[in-house]
> 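What follows is a single structure, and I will ask about it in a moment.
Quick note on labels: first sequence line is chain A, next is B, and so on, each numbered from 1.
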2 protein chains.
Amino acid sequence: MSKSAVSPALTDLTADTPCCPPLAQSRIPAETATVLAPAFKALGDPVRLQLMSMIASAAGGEVCVCDLTPAFDLSGPTISHHLKTLREAGLVDAERRGSWVYYRARPAILRQLAGLLTIDPAAV
Amino acid sequence: MSKSAVSPALTDLTADTPCCPPLAQSRIPAETATVLAPAFKALGDPVRLQLMSMIASAAGGEVCVCDLTPAFDLSGPTISHHLKTLREAGLVDAERRGSWVYYRARPAILRQLAGLLTIDPAAV
DNA sequence: TGTCGAATTCGATGTTTGTCGAAACCAAGG
DNA sequence: CCTTGGTTTCGACAAACATCGAATTCGACA
């Protein structure tokens, strides 16, 4: 399950390196954009944005898929597909324990995305 | 040009209201996800992410389309299409002055997105 | 070992997206 | 007024996506 194969390029960036200055401070290099865009894309769906929030805000830092699925009017496979998308974007990690699978957020990349969007308070 | 029609729901959110607590702090309501996801989606393409950065980091706070287009190996219509996507997501504003069109970032919504992704430093 | 339940993978389908060239629009200057 | 250059809109098309039901995998536990 931990095989959940984050793309090689992404693994580098999920490290706790401060990385990239804010998007509004200096022009993003093409490679950086190519690597980070998929993370934004993954958050660009209402269902996945909610899933991400449910996972990231979960008490204990993790959530069982069995708690995520019933929160939506969607089939199990569809939720599983969205979770895979979040996984491949490097936003979450999955771990199987017994019959259940638990998801947790990857704070490093979330911080990275937040940092990228950060705007100098001086800027109107 | 200012007609560039941000969806009505979005205009509310582009206000400077602090809005929404971080995604990792409390579960995002479905409506909030529905309203904000399109903004992330718009940033979820490498070309648009670069465009956004070029616009947001521009000296003087604005950039001419004529400076954006030649920075990519893409046709004019394609760049224009991406700019429209950013506009409709409420991320940028366009203004025509003479023959040229200038784009500027909308800091409020960027701050909002950044805030949503913000992670409590205490969280590992 | 056989079955049950949880989750993922597979295959199919209708929709959305990124891209282009052609055409239209619009302001500036001859 | 007519042309020219910058930008957007239109129409088309292949690739990617969201969704589902069916089939599969994987532990747990009789």
Side-chain angles (χ1 to χ4, degrees), chain A residues 1-7 30 33-34 37-52 54-55 62-89 91-104, chain B residues 1-7 30 33-34 37-52 54-55 62-89 91-104:
Chain A
M1 186 57 62
S2 294
K3 59 145 177 58
S4 80
V6 164
S7 89
T34 303
F40 284 119
K41 188 182 206 169
L43 295 176
D45 177 279
V47 173
R48 287 195 295 266
L49 196 52
Q50 283 181 84
L51 283 171
M52 188 68 225
M54 294 176 74
I55 296 169
E62 62 179 15
V63 188
C64 176
V65 173
C66 61
D67 288 329
L68 297 173
T69 305
F72 299 86
D73 258 354
L74 293 171
S75 70
T78 296
I79 296 298
S80 187
H81 158 72
H82 283 305
L83 289 171
K84 181 180 190 176
T85 301
L86 290 174
R87 242 158 47 216
E88 288 176 347
L91 290 163
V92 300
D93 256 339
E95 183 194 356
R96 168 158 231 145
R97 284 205 304 279
S99 302
W100 294 274
V101 176
Y102 296 86
Y103 278 77
R104 23 186 4 119
Chain B
M1 185 60 58
S2 296
K3 59 142 175 62
S4 81
V6 165
S7 88
T34 303
F40 285 119
K41 187 183 207 169
L43 295 175
D45 177 278
V47 173
R48 286 194 296 266
L49 196 50
Q50 284 182 82
L51 283 170
M52 190 68 225
M54 294 175 74
I55 295 169
E62 62 179 15
V63 190
C64 177
V65 172
C66 61
D67 289 328
L68 297 172
T69 306
F72 300 86
D73 257 354
L74 292 171
S75 70
T78 297
I79 297 298
S80 186
H81 159 71
H82 284 306
L83 289 172
K84 182 179 188 177
T85 301
L86 289 174
R87 242 158 46 217
E88 288 176 346
L91 290 163
V92 301
D93 256 339
E95 184 194 356
R96 169 158 232 144
R97 286 207 301 279
S99 300
W100 295 275
V101 177
Y102 296 87
Y103 279 77
R104 20 186 9 119

> Who does D:dA30 pair with, Watson-Crick or G-U, both distances under 3.5 Å?
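Check on D:dA30: paired to C:dT1, both distances under 3.5 Å.
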
> Between A:L86 (CG) and C:dT8 (P), how many Å, whole number?
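Distance, rounded to whole Å: 12 Å.
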
> Would you list the protein and nucleotides 15-25 of chain C atom pairs, both N or O, that sit under 3.5 Å from each other?
from	atom 1	to	atom 2	distance (Å)
C:dT17	OP1	B:K41	NZ	3.0
C:dG18	OP1	B:R48	NH1	3.4
C:dG18	OP1	B:R48	NH2	3.0
C:dG18	OP2	B:R48	NH1	3.1
C:dT19	OP2	B:H82	NE2	2.4
C:dC20	OP2	B:S75	N	2.9
C:dC20	OP2	B:S75	OG	3.0
C:dC20	OP2	B:T78	OG1	2.6

> Please tell me if the side chains of B:I55 and B:L83 come closer than 4.5 Å, counting only heavy atoms from C-beta onward.
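Sidechains of B:L83 and B:I55: in contact.
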
> Please report the distance, rounded to the nearest Å, between CG in B:L68 and C1' in D:dG6.
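After rounding, the reported distance stands at 13 Å.
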
> Please tell me if the side chains of A:L51 and A:L68 come closer than 4.5 Å, counting only heavy atoms from C-beta onward.
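When only atoms from C-beta onward are counted, A:L68 and A:L51 do touch, with a gap below 4.5 Å.
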
> Please report, rounded to the nearest Å, how far the P atom of D:dA18 is from the CG atom of A:L51.
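For the pair A:L51 CG and D:dA18 P, the rounded distance is 12 Å.
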
> Check whether any side-chain N or O of B:S80 sits under 4.0 Å from OP1 or OP2 of D:dT8, and answer yes or no.
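So the side chain of B:S80 is within the cut-off, an N or O lying under 4.0 Å from OP1 or OP2 of D:dT8.
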
> Please determine if a side-chain N or O atom of A:Y103 lies less than 4.0 Å away from the OP1 or OP2 oxygen of C:dT8.
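For A:Y103, the contact criterion (side-chain N or O under 4.0 Å from OP1 or OP2 of C:dT8) is met.
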
> For B:Y102 and D:dG6, what is the distance between atoms OH and P respectively, to the nearest whole Å?
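Those two atoms, OH and P, are 12 Å apart.
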
> Any heavy-atom pair between the side chains of A:Y103 and A:R87 that's under 4.5 Å?
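The answer is yes, as the side chains (C-beta and beyond) meet within the 4.5 Å cut-off.
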
> Apply side-chain contact (heavy atoms from CB on, under 4.5 Å) to B:T78 and list each qualifying residue two or more places apart in sequence or on a separate chain.
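B:L74, B:S75, B:H82.
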
> Within this structure, what is the CD-CG distance for the pair A:E62 and A:D67, rounded to the nearest 0.5 Å?
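Answer for the CD-CG pair, A:E62 versus A:D67, is 10.5 Å.
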
> Using atom CH2 of A:W100 as one end and atom P of C:dT8 as the other, report the distance to the nearest whole Å.
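Checked: the CH2 to P distance equals 14 Å.
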
> Could you state the CG-P distance from A:D67 to C:dA6, rounded to the nearest angstrom?
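Going from A:D67 (CG) to C:dA6 (P), I get 12 Å.
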
> Does the side chain of B:F40 come within less than 4.5 Å of A:R48's, by heavy atoms?
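The answer is no, as the side chains (C-beta and beyond) never meet within the 4.5 Å cut-off.
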
> Measure from CD on B:E95 to P on C:dC26 and round the result to the nearest Å.
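After rounding, the gap between these two atoms is 17 Å.
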
